[in-house]
Amino acid sequence: MTHQQILDKLASKALVQNIDDDFARLTAKAMAYAKHDTKIAENLTGYILPKIVLRWNCVLNADHTEVTDNYKRTTFVALAVILHKYGLKDSEITEKAIEAIDALNRDVVLSDDFFRKSDQIKKLISSEPVPLRRKPSLPDNITFYRPKDVIAIQLDKHFYCAYIHKLSRPNESPIIEFYDTIFDKVPEIQELEKLPAKGKLYNDGSKRISKYAVSGIKFLPDLANQIKLIHSNVETSPSNAHLEESVGLYAVMDIFEIQNEIERLF
C-alpha cells in the first residue's frame with residue numbers, strides 16, 4: 001500500500017491536507033537548514049515534531065465535549081502515515097496510531113476496506129521510513145479568514161487573540177496584530193473591546209507596533225483546533241497609540257514561527 005491509499009481510506013480529505021501542509025512546510029525548512037546545521041541534519045524529527053505536536057495537541061488533548069474520540073483517532077492515524085511519508089518516525093505516535101486503528105475498527109467508523117487492510121497499514125507505519133531525497137514543495141498560502149476577523153491562537157492551555165487587519169495578497173496570509181492579554185479560555189468579543197495592542201520590546205527598551213503576515217492560517221474552522229474564530233466584521237482594531245512606530249510594515253512568518261514569536265512577545 002502507498003501512503004496516499006491509506007490516507008484516502010480515512011475519508012477526511014481536509015484533515016489530511018491540513019496535516020500534510022504542516023509537514024511539508026516544516027520539512028522543507030528543516031532540510032534547508034540542515035545544509036548548514038549538523039544538529040538539524042542528524043535529527044530532522046527533533047526539529048519538526050515538537051512544532052507539529054504543539055499545534056496538533058489542540059486536537060489530541062482537547063476535551064471530549066470539543067473534539068470527538070474518533071476525530072482524535074483519525075488524526076493520530078493521519079499523523080503517523082504522513083510522518084512516515086516524509087521519512088520521519090516517532091514511536092509514541094506510531095503506537096497511538098495502531099491503538100487508534102483498532103478503536104476505529106471496533107466502532108465501525110471507517111470502511112470495510114480499511115478494516116481489511118488494517119494489518120498492512122500497521123505494517124507500513126511501523127516500518128523504517130525512507131528519508132526524502134529532495135525538499136517537498138511548499139504549500140500555498142491561501143486563507144479562508146478575512147480582514148476584520150478576530151481570532152484566538154492556542155498554545156498549550158493559553159489563548160492569544162489577534163486582529164486581522166488585511167491580507168498580504170488576495171486570499172493569502174492574514175496580517176495580524178495581537179491583543180495585550182493572555183486568556184485561559186477563548187474569550188468573548190466583548191472582553192477584547194478595550195484591550196490595547198501588544199507591542200514588541202526591542203533591545204533599546206522601546207516597544208513598537210508589531211504586525212505579522214502569517215502563512216498557514218488557512219482552514220476555517222482550523223482542523224488542528226488551534227485557531228478559533230471569535231468574531232467577524234469587527235470594525236475597531238486594538239489601539240496601538242501607546243506604541244512607537246513599527247520597524248517595517250509587518251514581519252513575514254508561518255504558523256510555526258508565530259508560535260515562537262508568541263512566546264517571545266508574552
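- The backbone N or O of Tyr47 sits less than 3.5 Å from a side-chain atom of Lys51, completing a donor-acceptor pair.
- No donor-acceptor pair closer than 3.5 Å links the side chain of Asp180 to the backbone N or O of Lys198.
- Using a 4.0 Å cut-off between a side-chain N of Lys or Arg and a carboxylate O of Asp or Glu, Asp22 and Arg55 qualify as a salt bridge.
- The number of heavy atoms from other shown groups lying within 6.0 Å of CG (Asp63) is above 12.
- By the 4.5 Å heavy-atom criterion applied to side chains, Phe23 and Leu79 are counted as neighbours.
- The shortest heavy-atom contact between Ile230 and Leu192 is CD1-CD1, 4.0 Å.
- A salt bridge between Lys89 and Glu128 is present, with a side-chain N of the basic residue lying under 4.0 Å from a carboxylate O of the acidic one.
- When all heavy atoms of Ala24 and Leu138 are compared, the closest pair comes out as O-CD2, 4.4 Å.
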Considering only distance and modelled atom types, tabulate donor-acceptor pairs under 3.5 Å from the side chains of residues 8-16, sequence neighbours left out.
residue: Asp8; atom: OD1; partner: Gln4; partner atom: NE2; Å: 2.8
residue: Lys9; atom: NZ; partner: Asp113; partner atom: OD2; Å: 2.3
residue: Ser12; atom: OG; partner: Leu10; partner atom: O; Å: 3.2

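- Ile153 and Phe159 fall into different hydrophobic clusters, where Ile, Leu, Val, Met, Phe, Trp and Tyr side chains are chained together by heavy-atom contacts under 4.5 Å.
- For the pair Arg208 and Glu245, the salt-bridge criterion is not met [side-chain N within less than 4.0 Å of a carboxylate O].
- When only modelled atom types and interatomic distance are considered, Asp20 and Tyr86 share a side-chain donor-acceptor pair under 3.5 Å.
- Under the 4.5 Å side-chain contact rule for hydrophobic residues, Ile176 and Phe183 do not share a cluster.
- Side-chain contact between Leu49 and Ile93 is present, with at least one heavy-atom pair separated by less than 4.5 Å.
- The distance from atom CD of Glu263 to atom CG of Asp156, rounded to the nearest 0.5 Å, is 7.5 Å.
- The aromatic ring centres of Phe266 and Tyr160 sit less than 6.0 Å apart.
- Using a distance-only test at 3.5 Å, with no hydrogens or angles considered, a donor-acceptor pair links the side chain of His84 to the main chain of Leu124.
- Nearest approach of Leu265 to Tyr212, heavy atoms of both residues: CD1-OH, 3.5 Å.
- Leu243 forms part of a hydrophobic cluster together with Ile209, judged by ILVMFWY side-chain heavy-atom separations under 4.5 Å.
- Looking at heavy atoms from C-beta onward, Thr27 lies out of side-chain contact with Lys135 at the 4.5 angstrom threshold.
- Using modelled atom types and a 3.5 Å distance limit, the side chains of Asn105 and Ser118 yield a donor-acceptor pair.
- Salt-bridge check for Lys218 with Asp140: passed, with a basic side-chain N closer than 4.0 Å to an acidic carboxylate O.
- Minimum interatomic distance between Glu66 and Asn225 (heavy atoms only, all atoms of both residues): OE2-ND2, 3.2 Å.
- Within a 6.0 Å radius of CD in Gln190, more than 12 heavy atoms belonging to other residues, nucleotides or ligands are found.
- Between Ile48 and Arg25 there is no side-chain heavy-atom pair separated by less than 4.5 Å.
- Classification of Lys122 and Asp102 as a salt-bridged pair holds, one side-chain N sitting under 4.0 Å from a carboxylate O.
- Taking the ring axis of Phe115 as reference, the NZ or CZ atom of Lys117 does not stay both within 45° of it and closer than 6.0 Å to the ring centre.
- Two residues are said to be in side-chain contact when any heavy atoms from C-beta on lie closer than 4.5 Å; Ile217 and Tyr145 meet this criterion.
- The aromatic rings of Tyr163 and Tyr179 stand perpendicular to each other, their planes meeting at an angle above 60°, with 30° marking the opposite boundary.
- A donor-acceptor distance shorter than 3.5 angstrom exists from the side chain of Glu257 to the backbone of Asp254, with no hydrogens or angles considered.
- Across all non-hydrogen atoms, the minimal contact from Ile19 to Ala78 is CD1-CB, 3.7 Å.
- Counting only distance, with no hydrogens or angles, the side chain of Gln226 and the backbone of Gln154 share a donor-acceptor pair below 3.5 Å.
- Glu172 places no side-chain N or O within 3.5 Å of a backbone atom of Arg169 that could act as its donor or acceptor partner.
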